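First the structure, in the form of structure tokens, and then the observations on it.
As the structure is a prediction and not an experimental result, all values here were calculated from the model.
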Amino acid sequence: MRQFTTGDLNKQVGDVTDAASREPVVLTKHRKPRFVLMSYDHYERLRTGGDSRKVYRASEMPADHVDLFEAEIDRLARGEGYGDEP
């Protein structure tokens, strides 16, 4: 987790908020953690426990996920997708 000082927040608000949009960041004052800044979506997931992401073993993957996975493997096997990634 990245850390910024409260002074950084005042001077570099864009950098701090950009970092907080990707993951929570700690804001320190006098070298002590004082606040956590995070995206609203992340806050809502924490508040409601509504993180809908799931992890599956390959053998237990839902059929629609298998179809998507296989389509992407086929696309990569044809040489597509390597040069168009950001």
Side-chain angles (χ1 to χ4, degrees):
M1 189 179 309
R2 291 190 60 185
Q3 291 189 8
F4 294 92
T5 66
T6 53
D8 293 335
L9 180 61
N10 290 328
K11 296 174 195 168
Q12 304 168 352
V13 69
D15 293 339
V16 175
T17 56
D18 284 349
S21 71
R22 292 186 290 281
E23 66 176 340
V25 298
V26 174
L27 298 176
T28 62
K29 187 171 186 175
H30 303 294
R31 297 183 183 151
K32 293 183 180 180
R34 299 289 184 199
F35 307 97
V36 174
L37 182 65
M38 66 183 76
S39 71
Y40 185 77
D41 289 341
H42 190 94
Y43 166 75
E44 279 296 307
R45 283 195 305 271
L46 286 175
R47 190 177 71 78
T48 63
D51 190 348
S52 61
R53 296 176 293 179
K54 296 195 181 220
V55 176
Y56 298 100
R57 294 176 190 236
S59 62
E60 300 168 347
M61 197 180 319
D64 56 334
H65 292 196
V66 171
D67 294 342
L68 291 170
F69 188 75
E70 288 176 346
E72 288 304 307
I73 294 294
D74 290 341
R75 189 171 73 92
L76 291 172
R78 291 190 306 271
E80 301 171 8
Y82 291 102
D84 61 350
E85 305 296 334

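Here the closest heavy-atom approach between residue D15 and residue F4 is recorded as O-CZ, 4.3 Å.
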Using distance only, find each side-chain donor-acceptor pair of residues 31-43 under 3.5 Å and give its atom names and separation, not counting sequence neighbours.
residue: S39; atom: OG; partner: H42; partner atom: N; Å: 3.1
residue: Y40; atom: OH; partner: E44; partner atom: OE2; Å: 3.0
residue: H42; atom: ND1; partner: R45; partner atom: NH2; Å: 3.3

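Between the CE atom in M61 and the CG atom in D67 there is a gap of 10.5 Å [rounded to 0.5 Å]. If you take NE2 on H30 and OG1 on T6, they are separated by 7.0 Å, rounding to the nearest 0.5 Å.
At a threshold of 4.5 Å between non-hydrogen side-chain atoms, the residues L68 and D64 do not count as touching.
Partner L27 forms a side-chain contact (heavy atoms from CB on, under 4.5 Å) with one of D8, T5, V16 and no other, that one being V16.
Grouping Ile, Leu, Val, Met, Phe, Trp and Tyr by side-chain contacts under 4.5 Å, direct or through others, puts M1 with V26.
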